[in-house]
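Below is one structure, written out as structure tokens; comments come after it.
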Amino acid sequence: MEDRHRSIVSLRSRRSQRASSLSSESSADQEVVRLPVLKRVPLPKTPYGRSRRLLIPASDNLPLVAISMRADAQFINRRDQFRLTLNSLPNPGVQQHVEDACVIGDIVVLGFDSGPSQVTFLPVTTEAPRRIDSKALPHVSPPRMSGSSGEGVRCLAAMNATAGSVEFFTGGHDRRIFKWSADTQSLEEPTVTKIAFLDSGVSAMAYRHDDNSLVSSDTKKLYVTDLTRSHTPSPAQFSNYVNQIHVHPQIPHLTLLEMAMFDRRMGGFDKAPCCTFGYRNANAKFEQSYTKGGIHHTFFARGHHDGTVVLWDFRNVKNIVTKRQSRLTQEVVHTVVADSRVVTFGEGVVTFLNDFLRS
């Protein structure tokens with residue numbers, strides 16, 4: 001591998017492969033605020049408080065939720081772009097290590113690889129936030145690995161949310177994938193079912209609604225589990241790490257992979273992808289595997305270790321266009337698109353790029 005890190009995105013079509021209060025007041029009740037082109041929202045600094053995920057609840061009157069590695073939760077008004085200081089939810093004093101976090105409907109799920117819980121729920125409502133620890137501990141410490149390292153959850157994938165329940169998946173260092181189903185009135189006692197057992201620790205997952213399947217990776221292999229038949233065919237081989245998997249929210253037959261470097265031989269997904277694009281950082285020695293981008297229609301936005309944020313337009317798969325590129329003063333771990341605005345999270349700062357999607 002070259003010393004210069006290169007992050008690559010591979011887009012695949014299954015058709016071609018056959019393969020205060022937490023709520024924001026309505027705009028009618030407040031004056032229209034003219035927002036700057038770039039708005040930085042610093043979060044409280046805490047020991048070991050590295051940035052992990054920035055999550056968007058389904059209800060548009062609820063704030064964004066920023067989750068740190070030590071499980072601090074901060075809430076950001078998404079319309080006027082400020083931190084809701086009275087609703088800050090710091091770590092309760094328990095040693096925890098967040099590996100991943102996702103949102104199902106209006107419920108945030110935190111996955112831990114160490115600590116007393118493997119999953120914690122954080123319902124986002126108009127009331128003061130609270131944590132609900134799950135009693136289930138399905139993931140076990142892998143053989144030849146100490147109990148203090150590498151046990152528990154490694155990645156999460158949202159599935160479904162209804163008025164009374166949530167469903168999601170956890171992938172573990174123990175190579176197991178579990179489906180969780182929880183009643184919103186008794187989140188501490190979910191039903192947990194084993195779905196698959198991979199060849200190595202699970203690195204990334206994404207659920208495909210249109211065919212009820214789960215796409216997962218153990219870094220160098222890609223699996224597609226048919227959840228209707230409970231069947232996982234032989235995986236596709238890769239020569240480099242798959243760090244993140246996305247299923248396009250508007251076009252579910254498209255699957256997007258974030259990788260350290262693209263290998264044109266990879267298939268299988270046994271065919272070449274319909275397009276690839278990426279960004280090369282000549283100075284960074286590595287790119288965190290936690291780094292994650294976001295999809296919005298035909299755009300993909302992703303921040304990088306050197307603070308560069310890139311927006312690609314992939315509507316023409318034969319000619320991928322870098323639509324915008326900007327350089328922030330801090331590294332970026334997670335990039336999302338909220339209310340047609342690109343928002344980044346890194347080094348304890350949430351940054352709104354308010355004109356990034358404009359022509």
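Quantities reported herein were computed from a predicted structural model and do not represent experimental measurements.
- The heavy-atom pair separating V103 from A158 by the smallest distance is O-CB, 3.8 Å.
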side-chain hydrogen bond (donor to acceptor under 3.5 Å, both in side chains) assessment of E188 paired with S134: CA-CA 4 Å; E188 66 276 5; S134 168; over 6 Å; no

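- Remark: of the listed residues K292, R53, R154, R53 is the sole one forming a salt bridge (Lys or Arg N to Asp or Glu O under 4.0 Å) with D100.
- Residues T351 and Q330 bring a donor and an acceptor atom of their side chains to less than 3.5 Å of each other.
- Between T225 and T232, the side chains place a donor N or O and an acceptor N or O closer than 3.5 Å (distance only, hydrogens not considered).
- Residue Q325 places its CD atom among more than 12 non-hydrogen atoms of other residues, nucleotides or ligands, all under 6.0 Å distant.
- Hydrophobic side-chain contacts under 4.5 Å tie I56 into a cluster, directly or through other members, with V41, L43, L54, L64, I76, V336, V343, F345, V350, F352.
- In plain terms, the two heavy atoms of R83 and P42 that are nearest each other are NE-O, 4.2 Å.
- Using a 4.0 Å cut-off between charged side-chain N and carboxylate O, R324 and D355 make a salt bridge.
- Of the N and O atoms on the side chains of T162 and S165, at least one donor lies less than 3.5 Å from an acceptor on the other residue.
- In this structure a side-chain-to-backbone donor-acceptor pair under 3.5 Å is missing from H248 to P252.
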Stepwise ring pair (Phe, Tyr, Trp, His ring centres under 6.0 Å) check, H334 with Y290: CA-CA 8 Å; H334 196 188; Y290 300 104; over 10 Å; no

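- T291 contributes no side-chain N or O that, together with a main-chain N or O of H304, makes up a donor-acceptor pair within less than 3.5 Å.
- Through side-chain heavy atoms spaced under 4.5 Å, either directly or across other Ile, Leu, Val, Met, Phe, Trp or Tyr residues, V119 is tied to I104, I107, V109, F121, I132, V153, L156, V166, F168, F178, W180, L187, V192.
- Side-chain contact check for R315 versus H297: every heavy-atom pair is 4.5 Å or farther apart.
- Considering every non-hydrogen atom in both V224 and R208, the closest pair reads CG1-NH2, 3.3 Å.
- Heavy-atom minimum distance, M259 versus V242: CE-CG2, 4.0 Å.
- For D218, the salt bridge (Lys or Arg N to Asp or Glu O under 4.0 Å) criterion is met by no residue, not counting sequence neighbours.
- Nearest heavy-atom pair across A301 and L311 is CB-CD1, 3.9 Å.
- Side chain to side chain, T170 and H139 meet the donor-acceptor criterion of an N or O pair below 3.5 Å.
- Put simply, the side chain of L214 does not reach to within 4.5 Å of the side chain of Y223, judged on heavy atoms.
- A salt bridge links E189 with K135; the closest basic N to acidic carboxylate O contact falls under 4.0 Å.
- Counting all heavy atoms, side chain and backbone alike, A128 lies closest to N87 at CA-ND2, 4.1 Å.
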